[in-house]
Every structure is written in C-alpha cells, then in structure tokens.
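Note: hydrogens, waters and symmetry copies are ignored here, and every other heavy atom, side chains too, is used. The sequence lines fix the lettering, A, B, ..., with proteins before strands; numbering per chain opens at 1.
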Amino acid sequence: MNYIILDLEWNQSSTGQEPEAAKLPFEIIEIGAIKLNQERVMVSEFSQLIRPTVYRRMHRITSKLIHMRMEELERGKPFTQVVEDFLRWCGEDYIFCTWGPLDLTELQRNLRYYGMAPLSRGPIAFLDVQKLFSIAYEDRKSRRALEWAVDYLEIKKDIPFHRAFSDAYYTARVLAAIRDPEVLKNVSYDVFNPPLCREEEIKVQFDTYFKYISRTFPDKTAALADREVSSSKCYLCRRNLRKKVKWFSPNGRHYYCVAYCDKHGFLKCKTRIRKTEDGKVYVVKTSRFISPEDMEKLVERRDHARKMHSHSRKTAGKGPDKAGQTRGSIS
DNA sequence: CCGCAGACATGACACGTTTC
DNA sequence: GAAACGTGTCATGTCTGCGG
C-alpha cells in the first residue's frame, strides 16, 4: 500500500458577501502531493495549480500566507481536470495522509460543489501526520504547526513553506521520520460523509483505545437513546459492562462514563456529539482502560462540576444556574 | 398556592491552537 | 479573515421536592 501525502491551498471570499460562501467557503487553488511506497520511500510527486472560478480576488491574509497572486493562478487548470489527474496519479492501493484534519473535508466539499463523484460514500480512513507526530514525540494531544515539527526533527528546510507541494513534501518527511510502526496504526477518519446505516458504522480497535463512529440520528436525544451509543462494552471481552460511574457531562458536549471489567479493569467511555451539515447528528465514542487513580480523577471532575454548579446557585442568589453535571440522559 | 433551592439541561460565548 | 476542535465559563431555562 502506498501513502499519498496530500496538501491543498485554498482561497476564500475577501468580503464574506458572496452568495457562494455558504456552499463553498474555501476554494481550492492548488494541489500538491507526494507518493511514498510501503517502505515510506518517495516514488512520485504531484503539483498543480487550479484556475479559480468562484473567488476572483485573493483574500489579503491568504495572499500574505501563501505568497501567490491571482495572475499566477490564471496558468492553472480547471479544478475538475486537476482532480481527475490527481486521482489517476494516486493509483489503486493507497491511504491519504495530511497535516491536520481539514484537507480531505475541503477536497470533498469542492468535489461536491463541482458535481463530481464523491471520494467515498461514508467516512474515509486517513493518517493525520500532525496527530501521529504528537503521538510519536509529544503527548498525543498537542497539535503543532508543520514548521515546528520540521525544526524538531531537524529536517532541512530547503524549500519555502505554505505551498501545496512543499508542505506535502515536509509532511512526507515527518511521516517518514516516525520510526515506530505502531504509531502508523493510529488511523483517523474524515467524516464529511457520516455512516448512514449500521453496516457503515466504524468500529476500530487501537493499541490503547477503541473508536466507534455511529450512523446518523435525527437529533441528539435519539442518538443518546441508542443502545449501541449508550452501552459500555469491554472491547477485549466483547461483553457489556456494568457502569461504576454513570454517564455525565462537565460541559454539555462531551459525555463520560466508567464501567468495570473483571478481567481488564476500569473502562472509560467518552462520547462526543457531532453535527452533520444537514442538521443531523452522529456520535464518536472512544473507550479506553484507565487506572483506579484516573477513575478517581474523573469522579472528582464530576463532583467539581457539581460543586461549581451549586456554588454559583448560592452566590448568584435567585440567579442563573451553572453548568450541570449530567447534561445527557444516556441510560 | 407560593417561594426557595438543588439538580438537571442547554445555548452562547471566550480562549487557545491549528489550517488556508 | 473563516473554519474546526477542545476547553472552560456564563446566562438562560425547566423540573422537583420541601417548607410555609
């Protein structure tokens, strides 16, 4: 399997007034890519400018960043042709790799705008090299700028940043620098097209956690009522577990619970509600085993939310409530 | 019935980080 | 500038139980 390291440059409305802005907030103006083989050795490259059809002026911040002028883009080819060439160049057996989670979403949005065939019916597995860098060299959570990672790894900066090809090139260098093959197993999913039915749902086991991306539901209540969403299952035993800490939410967007498995210990589930473009919702649930200490920390976090809540009630008199601690009603 | 709180919900922000 | 994501705080609500 090859690695296709993809980077896009895009432009946006300079006024924010264009009616197209709702359909196409970002217009892709350049595609750059590097192909690595199975051994992560560079075997091919792709670089193409795109002649814009929507935004005829370069946004001032964009132009400052990518050092490109509209006149240069006139030499570009139409988006549809460039994408066709690009996908042909990609070949058959590959996985997309990008710096950060945005590029595949914007690529698909542009494809849809031009009425082209979608890359996929549902979610697309890809490697977010920005995330892999964090897993390999930092705390798994931080997200660094590409140049930061290049400096950290002492990769020679022989071409300027912020052009599609050069950023794809540097991203490929960072990917190739990651030694531990286990890190590459941390695949991400672009959910521009969420799963529409049970069969399309994503269930993946990673080294230290399990990820579930649900099909879409009409609303949040329906999503939280679903058995698969609300369950706390040991992903090693495949058994449903009894909850020690029931579902609670410190902020209304994330939900947590802790269950206990006789064989594997405390299992923490974290559920995030995501909105789709057409107003539906889907759920991303991750499960991981935690230590008894971390279990205590989570309980404290719940109780802290409770305390903050009641404290604000007291100090504010008849006034407003604070963030509650169990915003959901997952059973 | 009213007033008062606590518990439970939820949306609107602000901040900090990244992408272009 | 605009968008996305995570985190946290603030400003609104509703529901329920208790005492009067």
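Taking atom CG on A:Asp128 and atom P on C:dC5, their separation rounds to 12 Å, with Å as the unit. For A:His162 and B:dC20, the NE2 to C1' distance is 9 Å, given to the nearest whole Å. Computed from coordinates, the A:Glu20 CD to C:dA2 P distance equals 17 Å when rounded to whole Å. Atom C1' of nucleotide B:dT19 and atom CD of A:Gln108 are separated by 16 Å, given to the nearest angstrom. In this structure, CZ of A:Arg109 is placed 16 Å from P of B:dC20, rounded to the nearest angstrom. Distance CG (A:Asp103) to C1' (C:dC5): 15 Å, rounded to an integer number of Å. Note: NZ (A:Lys131) to P (C:dG6) measures 10 Å, nearest angstrom. Distance A:Asp139 CG to C:dG6 C1': 13 Å, rounded to the nearest Å.
Evaluation of the ring pair (Phe, Tyr, Trp, His ring centres under 6.0 Å) rule for A:Tyr235 yields A:Phe210, A:Phe289 as partners, not counting sequence neighbours.
Contact between the side-chain N/O atoms of A:Arg272 and the OP1/OP2 oxygens of C:dG6 is found at a separation under 4.0 Å. The phosphate of C:dG6 has OP1 or OP2 within less than 4.0 Å of a side-chain N or O from A:Arg274.
Ring geometry, A:Phe133 versus A:Trp99: the interplanar angle falls from 30° to 60°, so the pair is classed tilted. Ring geometry for A:Phe96 against A:Tyr94 counts as perpendicular: the plane angle is over 60°, on a 0 to 90° scale with 30° as the lower cut.
Under 4.0 Å is where a charged nitrogen must lie from a carboxylate oxygen, and between A:Arg69 and A:Glu72 no such pair does. The existence of a salt bridge linking A:Lys157 and A:Glu147 is confirmed by a sub-4.0 Å separation between a basic side-chain nitrogen and an acidic carboxylate oxygen.
Tracing side-chain contacts under 4.5 Å through hydrophobic residues (I, L, V, M, F, W, Y), one never reaches A:Leu104 starting from A:Val284; they form parts of separate clusters.
Between the A:Asn186 side chain and the A:Leu132 main chain, no donor and acceptor come within less than 3.5 Å of each other. In this structure a side-chain-to-backbone donor-acceptor pair under 3.5 Å is present from A:Glu200 to A:Leu196. In this structure, the side chain of A:Thr171 does not engage the main chain of A:Thr98 through any donor-acceptor pair within 3.5 Å.
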Mind listing the N/O atom pairs, protein and nucleotides 16-18 of chain B, below 3.5 Å?
residue: B:dT18; atom: O3'; partner: A:Gln130; partner atom: NE2; Å: 3.4

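Within the nucleic acid shown, A:Asp167 comes within 4.0 Å of sugar-phosphate atoms alone, with no base atom in reach, counting heavy atoms only.
Of the residues in residues 52-66 of chain A, those lying under 4.0 Å from DNA chain C by heavy-atom distance are A:His59, A:Ile61.
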